[in-house]
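Okay, structure first, notes after.
Quick note on labels: first sequence line is chain A, next is B, and so on, each numbered from 1. Computation of the quantities below employed the complete heavy-atom set of this structure, encompassing side-chain atoms and omitting hydrogens, waters and symmetry-equivalent molecules.
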Protein chains: 2
Amino acid sequence: MAEQRRVYASGDRVGATVRSGTRRRSAERLSVDRIVAVAIDQMRTHGYDAVTMRSIARELGTGPASLYAHVANRAELDQLVVGRVCALWEIPDPDPERWDAQLRECLISLLGILRAHPGVARCTMGMIPVERGMLAVVERLIGLLKAGEVPDQYIAWFVDVSSLFVGSVAAEEDIWRERMADIGEAPSEEETVVEVREVFSELPVAEFPLLSGMAEAMTTGTGDERFEFGVDVLISGLKALSAAR
Amino acid sequence: MAEQRRVYASGDRVGATVRSGTRRRSAERLSVDRIVAVAIDQMRTHGYDAVTMRSIARELGTGPASLYAHVANRAELDQLVVGRVCALWEIPDPDPERWDAQLRECLISLLGILRAHPGVARCTMGMIPVERGMLAVVERLIGLLKAGEVPDQYIAWFVDVSSLFVGSVAAEEDIWRERMADIGEAPSEEETVVEVREVFSELPVAEFPLLSGMAEAMTTGTGDERFEFGVDVLISGLKALSAAR
DNA sequence: ACCTGAACACCGTTCAAGT
DNA sequence: ACCTGAACACCGTTCAAGT
């Protein structure tokens, strides 16, 4: 099943999966909504790289040219995908007593949303949040930081830095996940850790006196723990800088 | 000249630039070094997306198939490119008196190196640093953090988080730079800021009470200032967490 | 051992023509 | 207005054949 869609070594395009019967006829009319929905769905089931204008058109029972009546190009489609998914991000009303804990929960829940929609994080890189739905989220995030009495300039930069961080972590996880799927076996996080740890501990001590002694630390912790450490560093840092005026 | 290599709306591949006379004959033999050098050079001059196995082969006066005798595939080539460029990263001997300032300078200089090699940052996403040259750099970075008496676990995670941050900022800048070049005019950072600021200040106050009042802060600061804020947040956060055990 | 031509199975986008 | 077939100018990778 994982192999079913392999065409050549590293290219796994949805088109190779004919999935007879799954191909819808052009019964319903095309729309931006349907196109975006198919894109998100294909990213989840086949990975970011497998989604192309052609694969989307195929699933909608038409040719790639038809999509261009609804979306300008692939870049715009990616924008719409991110907008649709980020609209799921819920940010609570600010509580000045625990704005920092709220902020922490928000960043963690954003990663959760991106994880629940594999591939979507890959669309976020280099995106300026001008899409309407995204601005609504930024608005609420600002509310949280205002409750913490963070200076305006720091608020603006922190929104930038923290969303870049969450997006990058999600995109990186996504690349790994796809690479694993490509190799085929998906060697259960446990095994990979053991392998990588071996590489580190077998490093020549003379050349790598510090690194070779840190094989344990370098490979300890799940993705969640590493990510949450990053979030804690960011929030502690923000509080320290804000306190120092 | 900027238009010279445009073929269709958003695809600008090196091959379209025939640059008669520039195409080398296969006088010298192929080698991994020459292939990597051409890749880095083309990323700088034509942008990340323009570099393909075919464009590299063309510049070397041969066909794409010839490259596969020296590199396994495009992914491996990207690894080699990052390795070559990161080898330029110099990390000082640790001074316990000012390890934090040293760390700050290091992260800033890494961004400088990635900026000096446009396109290369795009190869770093999702890369596990197992390449030998990269481990040497990590070794020295660890030395710096040990001088700051950061716990081993935090050292490991911080190397991860901070390099992801620098790489992401560089990759994001790169995407913007290419998009600007695509549009053609490259509207002088000044103009873009003015335009984006207008978008923010024209937001309906009822719907965006906070954001509409922050147009100034949202658009203030150069890329450098925003990046250095991020670095300061990371280092302050690390120090706060380390102090709290 | 190293290199090549030709082929395979794909891309995103455009455009004239249809309904 | 919306959709389509066919074409254009590309991709990465493989492979049998050459030197």
Qualifying residues under side chain to side chain donor-acceptor pair (under 3.5 Å), relative to [X], sequence neighbours excluded:
| X | result |
| --- | --- |
| S212(B) | none |
| S66(B) | T62(B) |
| D33(A) | R84(A) |

When you measure from the side chain of A65(A), which nucleotide among dT4(D), dT13(C), dT4(C) comes out closest?
-> dT4(D)

Atom [atom1] of [X] to atom [atom2] of [N]: distance rounded to whole Å?
| X | N | atom1 | atom2 | value |
| --- | --- | --- | --- | --- |
| L60(A) | dC2(D) | CG | P | 16 Å |
| Y68(B) | dG5(C) | OH | P | 16 Å |
| Q42(A) | dC11(C) | CD | P | 10 Å |
| D49(B) | dC11(D) | CG | P | 12 Å |
| L67(B) | dA1(C) | CG | P | 20 Å |
| M53(A) | dT4(D) | CE | C1' | 15 Å |
| I56(B) | dC11(D) | CD1 | C1' | 13 Å |
| R29(B) | dT19(D) | CZ | C1' | 12 Å |

Quick one: are the ring centres of F165(A) and F227(A) less than 6.0 Å apart?
-> yes

Remember a base hit wins even if backbone is also touched, and classify R54(A) as base, sugar-phosphate or nothing at under 4.0 Å, heavy atoms.
-> base

Looking only at side-chain N and O atoms, does [X] come under 4.0 Å of OP1 or OP2 in [N]?
| X | N | value |
| --- | --- | --- |
| T52(A) | dC11(C) | yes |
| H70(B) | dC3(C) | yes |
| R58(A) | dC10(C) | no |
| S66(B) | dT4(C) | yes |

Read 5' to 3' with Watson-Crick or G-U pairs under 3.5 Å, [ ] for crossing pairs and | for partners on another strand, DNA chain D gives ||.|||||...|||||.||

All salt bridge (charged side-chain N to carboxylate O under 4.0 Å, His left out) counterparts of D41(B), not counting sequence neighbours = none

Establish, from distance only, whether the side-chain atoms of E90(B) and S109(B) form a donor-acceptor pair under 3.5 Å.
-> no

Which residue pairs satisfy the salt bridge (Lys or Arg N to Asp or Glu O under 4.0 Å) criterion with at least one member in residues 110-125 of chain A, sequence neighbours excluded?
-> D49(A)-R122(A), R115(A)-E173(A), R115(A)-D224(A), R122(A)-D174(A), R122(A)-E178(A)

